[in-house]
Amino acid sequence: MKITDLLSVNAVKLNVSASDKNDILKQAVDLMEAQGNVSNKDQYMKAVLAREEESTTGVGDGIAIPHGRCDGITKPGLIAMVIPDGVDYQALDDEPVNLLFLIAADTKSGSAHIDILSKLSGMLMDDEFTAKLKAAKTPEEFLKTIDDAEAAKDAKAAAPAAVAAPAQKKILAVTGCPTGIAHTFMAAEAIEKAATAKGCFVKVETRGSGGAKNVLTDKEIAEADCIIVAADTQVPMARFAGKKLIECPVSDGISKADKLVERAMAGDAPIYSAKAESSSESKGSVGHQIYKHLMNGVSHMLPFVVGGGILIAIAFLIDSMVLSPEQLQEAGGNFGTVTAAAAFFKNIGGAAFGFMLPILAGFIAMSIADRPGLAVGFVGGALAANGTSGFLGAMAAGFIAGYLVKFLMWACKILPKALDGIKPVLIYPVFGILGIGAIMTYAIEPVIGAINTGMNNALNSLSGTSAILLGVIVAGMMAIDMGGPFNKAAYVFGTGMLAAGNYSIMAAVMVGGMIPPCAIALSTLIFKNKFTATERKNGPTNFVMGLGFITEGAIPYAAADPIRVIPSCIVGSAIGGALSMAFDCTLMAPHGGIFVFPVVGNWPLYLVALAVGTVVGAVMMGLLKKPVQE
């Protein structure tokens, strides 16, 4: 397979103009759909935008390689665009982009097309090659330039592998990016080019979506003067113990390859220890690290919350349908376990729900300290669940446990190497569990337990204006970034209050998450001249997503016109959340949308809250958006 097997004449557009990054991405995705590569354009657009959120695909020197992988792709494909006047793309070097390749990589095909796309990514690091592409007068000339360059690259690859001369500096590298399509191989090409220019021997291991290629051998690692790891994904690091090693993001491998090679040649790198922390270069900001650790716990916790919570909700539903009002009143705290069928669901759901806080704390700790942190965090979370500190205590336990285990790892460095085998199975768990137990008992439980108890009492006593304001805040947060940090923070808060027995907040959170897609769907039906034909066609599907509590269905519309769509969704969601609290609606399930309405307290008015918020958001959107010229 050749690159031009994925890139047809009709998929090459020269002399393109665009107003901004979202505009050029939208044009490229539309063209990809027109080539028959995409069956679900919105899903593909969402995948492309999600990749941009991880880091820009504007790699510098006027080049951008946006890409996405999803099930909405019918076959792999490429789109090429030349933008003579450039477009602001927030690239790594802040320069306008005037050459763009959009990649569609499906999740079903083998790795052959990935290898082709990877080859193109590496070729784009050649300035002469990209200059010819930008200067092409016709799509046919553009494709011939690619064919000629690919043939030259294949011939070079077929040549015998270079052997290091005795006096040469030997530099090894590993590159990897989250998607594993473009940046992985661009960084590899840049590092190889920089090292060759300085007379070094170089070999680069690429860890792309097709697996690890050109893998470094133990002999090569032993003989290397320095190793560069330019990656945003997990790389097996233990093999580099005792070697000088530079860690950095994959973007540095592309834009700062010369400096990385200079550092490697000068030996300006620390000795890597298999037990050492990753260097600060690869860690990002403190806030980002805290968020990453927290989300690792939340993502592992949610299946227990959703699965267990819905089973408990079914138990409540069964008892409410079978028992008379007098029996319900007599049931009191036994509600949900009075009938045999309800007790069956409640016992299973309760068991799953009971793991929520230990799992949260355990996987936060594991994100910080790797596997040795899991057991210590799990115990800390269990102590929080069995005490009074609850959700807040479990979060604190996860972070404390993680850094406690890292401290133990550091402290145990003085022990003889003969004891390395018993550290993870004896020293870390014994002293770690003892330490987290003492901290939870004498510090976290008294302090955070009092805070948590006071907060729950305050929330349970909220009424009138205070409750409505809380509904405005949590529901509005669900619409700010529709699946991002604000959305997740509101959802996690709602599930935490659900576990504490406060069901009104979860109701406001869910209605806030349902309204954005529903408002967009309704707006596409009412204000047809404000949306493109494709947006109108796909609009009604957002009713299904919204009613299923899938806020992410609104993302493509928000990305296309954020200034008008996002504020409209926030206002609609905030009003829905306020009405839910004002109507004293409750929800005993943490997910499910309309499918769990039978367990919503005061569900007729809950529907009113959903409908009013949807209408307000849809009308506001229609009034703010400008007519579309098609």
Side-chain angles (χ1 to χ4, degrees), residues 1-19 21-49 51 57-58 62-87 89 97-109 112-121 123-124 129-151 153 181-182 532-535 537-538 556 560 628-630:
M1 180 182 284
K2 297 165 56 181
I3 294 172
T4 49
D5 291 334
L6 299 176
L7 182 65
S8 66
V9 171
N10 294 331
V12 178
K13 293 294 180 184
L14 309 179
N15 300 312
V16 177
S17 62
S19 58
K21 180 176 182 176
N22 284 335
D23 184 21
I24 193 65
L25 288 176
K26 183 178 182 301
Q27 290 186 51
V29 169
D30 286 343
L31 184 56
M32 186 72 79
E33 182 188 40
Q35 303 307 306
N37 297 93
V38 178
S39 61
N40 188 328
K41 188 178 76 171
D42 287 345
Q43 186 182 16
Y44 177 56
M45 185 69 177
K46 179 180 175 182
V48 171
L49 293 174
R51 175 60 187 87
T57 57
I63 301 169
I65 312 180
H67 47 277
R69 300 190 74 179
C70 66
D71 293 330
I73 297 171
T74 55
K75 60 181 179 180
L78 265 177
I79 294 297
M81 289 182 165
V82 178
I83 311 116
D85 295 333
V87 62
Y89 200 90
V97 162
N98 44 36
L99 178 60
L100 179 142
F101 282 90
L102 174 66
I103 298 172
D106 66 357
T107 58
K108 306 179 187 67
S109 302
H113 70 284
I114 298 295
D115 293 338
I116 294 299
L117 299 174
S118 305
K119 184 192 298 184
L120 172 64
S121 301
M123 289 162 56
L124 289 172
F129 171 63
T130 56
K132 288 181 179 179
L133 292 179
K134 294 173 185 179
K137 303 299 183 185
T138 65
E140 290 79 7
E141 182 184 346
F142 190 96
L143 294 179
K144 185 178 185 305
T145 300
I146 292 176
D147 278 334
D148 292 346
E150 183 177 13
K153 187 173 183 66
I181 297 174
T532 66
T534 302
E535 287 174 334
K537 176 183 175 182
N538 295 326
V628 172
Q629 301 295 328
E630 295 190 272

- Item | Ile65 to Leu124 - nearest heavy-atom pair and separation | CD1-CD1, 3.5 Å
- dist Met32:CE -> Thr74:OG1 (nearest 0.5 Å) comes out at 10.0 Å
- Determine the minimum heavy-atom distance between Met123 and Glu150, stating which atoms define it. CE-N, 3.6 Å
- Query: Can you name the nearest heavy-atom pair linking Val97 to Tyr89, along with the distance?
  - Reply: CG2-CB, 3.5 Å
- Note on the structure: Per side chain to side chain contact (heavy atoms under 4.5 Å, CB included), Lys13 is matched among Ile79, Leu100, Val82, Leu31 by Leu31
- Item | Side-chain heavy atoms of Phe101 within contact of Leu133, under 4.5 Å | yes
- Message: Determine whether Asn40 and Tyr44 satisfy the following criterion, side-chain contact (heavy atoms from CB on, under 4.5 Å), listing intermediate values before the conclusion.
- Response: CA-CA 6 Å; Asn40 188 328; Tyr44 177 56; over 6 Å; no
- Message: Just verifying a value: how many Å separate Gln35 CD and Glu33 CD, rounded to the nearest 0.5 Å?
- Response: 10.5 Å
- Query: If you look at every heavy atom in Ala18 and Asp23, which pair is closest and at what distance?
  - Reply: CA-OD2, 3.4 Å
- Euclidean distance, Ser39 OG relative to Lys75 NZ, rounded to 0.5 Å: 12.0 Å
- Query: Between Leu99 and Ile83, which heavy-atom pair has the shortest distance, and what is it?
  - Reply: N-CD1, 4.4 Å
- Ile146 vs Phe129, side-chain contact (heavy atoms from CB on, under 4.5 Å): CA-CA, chis, key distance, verdict: CA-CA 8 Å; Ile146 292 176; Phe129 171 63; 4.0 Å; yes
- Message: Atom NZ of residue position Lys134 - does it have more than 12 heavy atoms of other residues, nucleotides or ligands inside 6.0 Å?
- Response: yes
- Heavy atoms only: give me the nearest Lys41-Val29 pair and the separation to one decimal. CG-CG1, 3.3 Å
- Looking at OG1 of Thr57 and CG of Leu25, how far apart are the two atoms once the value is rounded to the nearest 0.5 Å? 6.5 Å
- Query: Which value, rounded to the nearest 0.5 Å, describes the distance between Glu535 atom CD and Asp42 atom CG?
  - Reply: 8.0 Å
- At what distance, to the nearest 0.5 angstrom, does CD of Glu140 lie from CG of Asp147? 12.0 Å
- Query: Thinking salt bridges, do Lys144 and Asp148 make one under a 4.0 Å N-O criterion?
  - Reply: yes
- Message: What I'd like to find out is whether the side chain of Leu78 reaches to under 4.5 Å of the side chain of Ile103, using heavy atoms alone.
- Response: yes
- Item | Backbone N/O of Pro76 and side chain of Asn37: donor-acceptor pair under 3.5 Å | yes
